[in-house]
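Worksheet: the structure to be examined is printed underneath.
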Amino acid sequence: MAVVTSEPQSIWALGGPLLEGPVWVSREAALWFTDIKRRRIYRLDPVTGERREWAAPDQVGFVLPIAGGDFVAGLKTGLSRFDPADGSFMAILAPEPDKPGNRLNDATVDAAGRLWFGSMDDGEQAATGTIYRYDGKDCVATTPLVSITNGPAVSPDGRTLYHVDTVGQVIHAATIGADGSLSDPRVFVRIAQGEGFPDGPVCDAEGCLWIGLYAGGAVRRYSPAGELLETVRFPVSAITKIAFGGPDLKTVYATTAAKHLDEAGRAKEPLAGDLFRFTVDVPGVAVPEARI
């Protein structure tokens with residue numbers, strides 16, 4: 001079982017409506033993440049302490065490194081190539097031109113360099129979101145429609161895809177074939193009513209799945225068999241996703257949100273919407289660069 005060796009602490013007081021998509025970019029030894037509603041991309045260098053931000057042209061759910069440089073950004077209407085040097089965005093793909101009420105939300109990259117990303121109803125009600133697989137040529141919808149997708153995450157051996165139906169409070173799993181096709185869809189974990197809504201997932205080096213709980217005030221760690229192993233409590237109610245970083249991938253960064261809080265709620269949770277950090281003794285897995 002992983003041991004949490006420090007309590008979650010706020011390290012960047014952003015107070016953001018919806019921080020999301022944390023990713024440790026190994027080639028830079030830096031953490032990247034977004035604020036969807038403020039349309040911002042952030043970068044933290046934990047060694048120098050340098051903090052940078054860029055404005056996005058629309059809501060932005062994720063930024064992930066592309067092999068050879070630059071990033072792929074998940075904007076509201078589609079994928080764009082983001083160049084931090086000049087802050088420019090160049091459209092790559094619009095997977096849902098017939099769904100103007102949708103936006104892109106969360107993503108990951110598998111060992112083959114394929115990008116897996118999800119869409120969702122921006123109003124968080126209609127079942128119009130799905131998980132796509134994109135290899136630079138073909139973009140394929142791979143999962144049934146739900147209102148809010150989250151993830152996906154890929155197991156360290158590359159054989160299992162985890163994806164989340166946030167409103168339905170279900171974490172799903174499927175087997176990934178060599179060609180990226182999915183088979184054997186199954187329920188991995190159900191989150192009980194009142195325990196929060198499963199948000200962004202990520203795997204550690206032991207193949208365990210970590211999941212942020214929106215309105216649950218915690219991050220949970222599940223074994224590959226779906227057994228709850230550990231719960232990390234936060235002083236805020238909405239944890240959207242974690243990322244493993246640092247030279248040994250044992251520093252955990254967590255994004256949080258404040259958009260669900262009214263004025264009284266903000267008074268009770270002054271750290272809501274901040275970036276947090278804690279440490280663990282089981283490392284994460286380096287995120288591959290997208291080959292798209």
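Ion pairing of Asp179 with Arg114 is absent here, as no side-chain N (NZ or NE/NH1/NH2) approaches a carboxylate O to less than 4.0 Å. The pair Lys241-Asp106 meets the salt-bridge criterion, with a side-chain N (NZ, NE, NH1 or NH2) lying under 4.0 Å from an Asp/Glu carboxylate O.
Scanning all heavy atoms of the two residues, the minimum distance from Pro84 to Trp54 falls at O-NE1, 3.1 Å. Closest non-hydrogen pair, Ala107 versus Leu115, comes out as CB-CD1, 4.2 Å. Minimum interatomic distance between Pro201 and Pro152 (heavy atoms only, all atoms of both residues): CG-C, 4.3 Å. Shortest non-hydrogen contact noted between Phe188 and Ala173 is CB-CB, 4.1 Å. Annotation for Pro283 and Asp204: closest pair O-CB, 3.3 Å, computed over non-hydrogen atoms. Residues Cys203 and Pro156 come closest through the heavy atom pair CB-CD, 4.1 Å.
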Residues Ile11, Leu44; criterion side-chain contact (heavy atoms from CB on, under 4.5 Å); working and verdict
CA-CA 10 Å; Ile11 60 168; Leu44 172 67; 3.9 Å; yes

What do the steps show when you test Arg51 against Arg43 for side-chain contact (heavy atoms from CB on, under 4.5 Å), and what is the final call?
CA-CA 6 Å; Arg51 301 174 178 185; Arg43 179 186 186 274; over 6 Å; no

List the steps, then state whether side-chain contact (heavy atoms from CB on, under 4.5 Å) holds for Val146 with Val167.
CA-CA 8 Å; Val146 297; Val167 175; over 6 Å; no

Evaluate Leu271 against Phe276 for side-chain contact (heavy atoms from CB on, under 4.5 Å), listing each step before the verdict.
CA-CA 9 Å; Leu271 304 181; Phe276 283 76; 3.8 Å; yes

List the steps, then state whether ring-ring contact (aromatic ring centres under 6.0 Å, His included) holds for Trp12 with Phe33.
CA-CA 12 Å; Trp12 193 342; Phe33 61 101; 5.6 Å; yes

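Tyr134 and Val154 are members of different hydrophobic clusters when ILVMFWY side chains are connected at heavy-atom separations under 4.5 Å. Both Leu64 and Leu104 belong to a single network of hydrophobic side chains, linked directly or stepwise wherever heavy atoms of I, L, V, M, F, W or Y lie under 4.5 Å apart. Under a hydrophobic-cluster definition in which Ile, Leu, Val, Met, Phe, Trp and Tyr are linked whenever side-chain heavy atoms come within less than 4.5 Å, directly or via other members, Tyr132 and Ile66 are assigned to the same cluster. Ile41 and Leu18 fall into different hydrophobic clusters, where Ile, Leu, Val, Met, Phe, Trp and Tyr residues are linked whenever their side-chain heavy atoms come under 4.5 Å apart, directly or through other members. Both Ile171 and Leu213 belong to a single network of hydrophobic side chains, linked directly or stepwise wherever heavy atoms of I, L, V, M, F, W or Y lie under 4.5 Å apart.
Residue Arg277 places its CZ atom among 12 or fewer non-hydrogen atoms of other residues, nucleotides or ligands, all under 6.0 Å distant. The number of heavy atoms from other shown groups lying within 6.0 Å of CD (Glu7) does not exceed 12. Surrounding NZ of Lys259 are more than 12 heavy atoms belonging to other residues, nucleotides or ligands, all under 6.0 Å away. Counting heavy atoms of neighbouring residues, nucleotides and ligands inside a 6.0 Å radius, atom CZ of Arg291 does not exceed 12 of them. The local environment of CZ in Arg266 is crowded, with over 12 non-hydrogen atoms from other residues, nucleotides or ligands closer than 6.0 Å. Heavy atoms from other residues, nucleotides or ligands lying under 6.0 Å from CD of Glu50 number more than 12.
Rounded to the nearest 0.5 Å, atoms CG (Asp70) and CG (Asp83) are 4.5 Å apart. Note: Asp121 CG to Ile148 CD1 = 8.0 Å, rounded to the nearest 0.5 Å. One finds the CG atom of Leu182 at 7.0 Å from the CZ atom of Arg133 (value rounded to the nearest 0.5 Å). Interatomic distance, Leu161 CG to Thr143 OG1, rounded to the nearest 0.5 Å: 8.5 Å. Note that the OG atom of Ser80 and the CD1 atom of Ile92 stand 6.5 Å from one another [nearest 0.5 Å]. Distance check: Glu206 CD to Ser223 OG gives 10.5 Å after rounding to the nearest 0.5 Å.
Between Pro17 and Asp35 the shortest side-chain heavy-atom distance falls below 4.5 Å. Between Ile36 and Arg103 the shortest side-chain heavy-atom distance falls below 4.5 Å. For the pair Ile292 and Leu93, the minimum side-chain heavy-atom distance is 4.5 Å or more. When side chains are defined from C-beta on, Leu275 counts as touching Leu31, because their heavy atoms get closer than 4.5 Å. Here the side chains of Pro95 and Phe117 are in contact, with some heavy-atom distance below 4.5 Å. No side-chain heavy atom of Phe89 sits less than 4.5 Å from a side-chain heavy atom of Asp58. Counting heavy atoms from C-beta on, the side chains of Thr279 and Lys250 never come closer than 4.5 Å. Side-chain contact check for Arg39 versus Pro57: every heavy-atom pair is 4.5 Å or farther apart.
No side-chain N or O of Ser183 forms a donor-acceptor pair with one of Thr175 less than 3.5 Å apart. Between the side chains of His260 and Ser237, at least one donor N or O lies within less than 3.5 Å of an accepting N or O. Residues Tyr42 and Arg40 have side chains that never bring a donor and an acceptor to within less than 3.5 angstrom of each other.
With hydrogens and angles disregarded, a donor-acceptor distance shorter than 3.5 Å links the side chain of Arg186 to the backbone of Asp184. Put simply, the side chain of Ser155 never gets that close to the backbone of Gly207: no donor and acceptor are under 3.5 Å apart. Panel note: side chain Thr240, backbone Thr255; a donor-acceptor pair is recorded below 3.5 Å. Between the side chain of Thr142 and the main chain of Ile131, a donor-acceptor pair closer than 3.5 Å is present. Using a distance-only test at 3.5 Å, with no hydrogens or angles considered, no donor-acceptor pair links the side chain of Thr130 to the main chain of Ala141. Of the possible donor and acceptor atoms, none in the side chain of Trp210 sits under 3.5 Å from a partner among the backbone N and O of Val219. The backbone N or O of Ala127 lies less than 3.5 Å from no partner atom in the side chain of Ser147, so there is not a single donor-acceptor pair.
Between Trp24 and Tyr253, the ring planes lie parallel to each other; the angle is under 30°, not in the 30° to 60° tilted range. Between His172 and His163, the ring planes lie parallel to each other; the angle is under 30°, not in the 30° to 60° tilted range.
Phe244 does not carry Arg221 over the face of its six-membered ring by the limits of under 6.0 Å from the centre and within 45° of the normal.
Screening Thr166, Asn150, Asp199 for a side-chain hydrogen bond (donor to acceptor under 3.5 Å, both in side chains) with Asn105, the sole residue that qualifies is Asn150.
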